[in-house]
Amino acid sequence: MKILLVSANSCGEPYPVYPLALSYLASAISNCFKDAEIKMYDVNIDKEKKLEDVVMSYKPDYIGISLRNIDNVNLYNRKNFIYDYREMVETVKKVSESIVIVGGAGFSIYPEKLFSFLGADFAVVGEGENAICELIEALEKNRDHKSIEGIVYKGENGVKVNKRKSFSPGISFEMDDRLSDFYWLNSGMMNVQTKRGCPYRCIYCSYPVIEGRTVRTLTPGNVVSTIEKAVAQGKDYFFFTDSVFNMNPEYNREFATMLIEKKINVKWGAYFRPAGTTFSDLELFKKSGLTHIEWGTESFSDPVLKRYGKEFSFNEIKDMTEMCQQLKIYNAHFLILGGYGETKETLKETFERSKLLPWTVFFPFIGMRIYPLTPLYDIAVKEGVISEDDDLMESEYYLSKEVDLSMENLKELADSTGKRWVFPDEDHAPVLKRLKSKGKRGPLWEFLVS
Ligand code: B12
Ligand code: SF4
């Protein structure tokens, strides 16, 4: 059986990202089907070969296309990728009889609508390991596929999206050498997951929609073994792609201790909630290689944090930032300015309070991207920002009407703080290029920390 796995993601912002889904899927498929021959096609790497030529010469039985991003989530320079994805599906369907299966984080936000739009044969919503194996097995053996959890298919009365009740415990996988060489060279970063799912209810967030609300930790030994193999090849910076890393403290301690005991010389970074982690845990993480934290903070104003559905306060944000300063862990706060409930006063408060946070950097995003199945979606419909039948495949933003969200105003407020604010339109590509050419690795915003 021949399978072609395709990464359709051409987005290079803020840097090209290793298509982790392909590695998880390839390992799962190889475990399920000993006779499976798997080839990978990555639009970033295989630019010189046309996908249709690869399909015609390889003649796969199945083509799995991974759709990571729908758009670039940049209000001031919107890019939408779904038309390229549709063209890709059309192209492979024109030149082959292969069964086309799509999936991915972006896809999973709009499974029903995108499935119809793309014209694939099948799709998977959420994590793909078990579903793709069960689907291929059913198709190979001519068995009914309609009860497989997480799959999307054409039913008699339209598109069917099967709910998911169980999840994969995670598998050990090796980075694909060809892919990892390219991404290591171009982004200086490898990636892996330690857990899936998020139980929080931030009003705008699609992560629980994609990964579910039940947190599943992946077997620590498997994750460590993936890291160990990459580090042995000199790829020693990892970003953990967990929606939030600092949940399940016991698991995290076990995982960090394993990295330390195995003497794996890795540096790592992850998304953290700016709350709920003790100094001694941060110390342990640092000992295991933690060098960078990206905080999902969103605002420094308590009333806004409450309206955004964040379950922490500015005092906790400040404590965590100070701990990082003490431990010399680089950290950056990601913010959403002008979302639901932002006022002139709260915006001012956010800029003012940034002055109280030492040794960090601020990445503000303007407005809230509206995703289906989120509380923000209901608010936006109720307030007439979007209509109920808007499919949201073209990005829409919720912007507070009470504040002046022009770049000019925001940058003026930011400048008055004397702190390092990095707006989405700042071109730091030349600086990053220079640092990369000097062999610097990791997210590189550490050079902006002040
Ligand atoms: C970590 C992360 C980042 C990190 C990545 C760091 C790194 N070195 O990897 C950073 C911060 C850099 C980042 C940047 C961006 N990100 Co981001 N990111 C994520 C996050 C949290 C996890 C993605 C991930 O790697 N998951 C782990 C892998 C293994 O899971 P997966 O890819 O989903 O694959 C599984 C399933 O989807 C499925 N599957 C996948 N493909 C296929 C294919 C088939 C055939 C099948 C059957 C199944 C299947 O099976 C896989 C294994 O279970 C997601 C949100 C989320 N919780 O999913 C957003 C997310 C993917 N990002 C998103 C976006 C938009 C971006 C940016 C464009 C933002 C920006 N303007 O900077 C950039 C683009 C980066 C790029 N070059 O592509 C969006 C995409 C949706 C959209 N609106 O388009 C998401 C969904 C967040 C959101 N807003 O909802 N991101
Ligand atoms: S913003 Fe972070 S904490 Fe909130 S729901 Fe999304 S992933 Fe969870």
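Counting starts at 1 for both ligands and their atoms, in listed order.
For Arg196, every heavy-atom contact with ligand 1 shorter than 4.0 Å involves the side chain, none the backbone. Using a 4.0 Å cut-off between heavy atoms, Leu25 contacts ligand 1 through its side chain alone, with no backbone atom that close. Only side-chain heavy atoms of Tyr207 come within less than 4.0 Å of ligand 2; its backbone N, CA, C and O stay farther off. Contact annotation: for Asp71 versus ligand 1, heavy atoms closer than 4.0 Å belong to both the backbone and the side chain. Of all the heavy atoms of Asn74, none lies under 4.0 Å from any atom of ligand 1, so neither backbone nor side chain is involved. Neither the backbone nor the side chain of Phe107 comes within 4.0 Å of ligand 1, counting heavy atoms alone. Heavy atoms from both the backbone and the side chain of Tyr15 come within less than 4.0 Å of ligand 1. Under 4.0 Å from ligand 1, the heavy atoms of Glu211 that appear belong solely to its side chain.
By the 4.0 Å N-to-carboxylate-O rule, Arg369 lies too far from Glu396 to be salt-bridged with it. Between Lys141 and Glu137, at least one side-chain N (NZ, or NE/NH1/NH2) sits under 4.0 Å from a carboxylate O, which counts as a salt bridge. A salt bridge links Arg178 with Asp46: at least one charged nitrogen is closer than 4.0 Å to a carboxylate oxygen. Classification of Asp42 and Lys47 as a salt-bridged pair fails, no side-chain N sitting under 4.0 Å from a carboxylate O.
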With salt bridge (Lys or Arg N to Asp or Glu O under 4.0 Å) as the test, would you mind laying out the steps for Arg196 and Glu129 before giving the verdict? CA-CA 13 Å; Arg196 291 178 175 175; Glu129 289 88 346; 2.9 Å; yes
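At a 4.0 Å cut-off, not a single heavy atom of Phe81 sits close enough to ligand 1 to count as contact. Under the 4.0 angstrom criterion for non-hydrogen atoms, Lys310 is in contact with ligand 2. In this structure, Tyr204 counts as a contact residue of ligand 2, since one of its heavy atoms falls inside 4.0 Å of the ligand. Residue contact check for ligand 1: Gly126 places a non-hydrogen atom closer than 4.0 Å to it. Residue contact check for ligand 1: Tyr271 places a non-hydrogen atom closer than 4.0 Å to it. Contact annotation: Ser108 has no heavy atom less than 4.0 Å from any atom of ligand 1.
The single protein non-hydrogen atom nearest to atom 81 (C) of ligand 1 is Ile109 CD1, 3.8 Å, given as residue, atom name and distance. Protein heavy atom closest to atom 2 (Fe) of ligand 2, with residue, atom name and distance, is Val244 CG2, 3.8 Å. Ser206 OG, 2.3 Å is the protein heavy atom nearest to atom 90 (O) of ligand 1. Looking from atom 74 (C) of ligand 1 to the surrounding protein, the closest heavy atom is Glu13 O, 3.0 Å. The nearest heavy-atom contact from the protein to atom 9 (O) of ligand 1 is Asn191 ND2, 2.7 Å. Looking only at protein heavy atoms, the nearest one to atom 63 (C) of ligand 1 is Asn69 OD1, 3.7 Å. Looking from atom 61 (C) of ligand 1 to the surrounding protein, the closest heavy atom is Arg68 NH1, 3.5 Å. Protein heavy atom nearest atom 32 (O) of ligand 1, with residue, atom name and distance: Ala21 CB, 3.6 Å. Remark: minimum distance from atom 65 (C) of ligand 1 to any protein heavy atom is reached at Val73 CG2, 3.3 Å.
Within 4.0 Å of atom 44 (C) of ligand 1, at least one protein heavy atom is present.
The ligand atoms of ligand 1 that sit less than 4.0 angstrom from a heavy atom of Gly64 are 45 (C). Using a 4.0 Å cut-off to heavy atoms of Asn72, the atoms of ligand 1 that qualify are 68 (C), 70 (C), 71 (N). Here is the list of ligand 1 atoms found below 4.0 Å of a heavy atom in Glu129: 52 (C), 53 (O). Close approach of ligand 2 to Cys202 is summarised as follows: ligand atoms under 4.0 Å from at least one heavy atom of the residue are 1 (S), 3 (S), 4 (Fe), 5 (S).
Looking at heavy atoms from C-beta onward, Phe122 lies in side-chain contact with Leu135 at the 4.5 angstrom threshold.
At least one N or O atom of Ile70, backbone or side chain, sits closer than 3.5 Å to an N or O atom of ligand 1. In terms of polar-atom proximity, Glu294 is not counted as a contact of ligand 1, lacking any N or O under 3.5 Å from an N or O of the ligand. The shortest N or O to N or O distance between Ser66 and ligand 1 is under 3.5 Å. Considering backbone and side-chain atoms together, Phe365 places no N or O closer than 3.5 Å to any N or O of ligand 1.
In this structure, CG in Leu118 is found 7.5 Å from CD1 in Ile82, a value given to the nearest 0.5 Å.
With 2.8 Å as the limit, Cys205 does not count as an N, O or S neighbour of atom 4 (Fe) of ligand 2. For Cys198, the nearest N, O or S atom to atom 8 (Fe) of ligand 2 falls under 2.8 Å.
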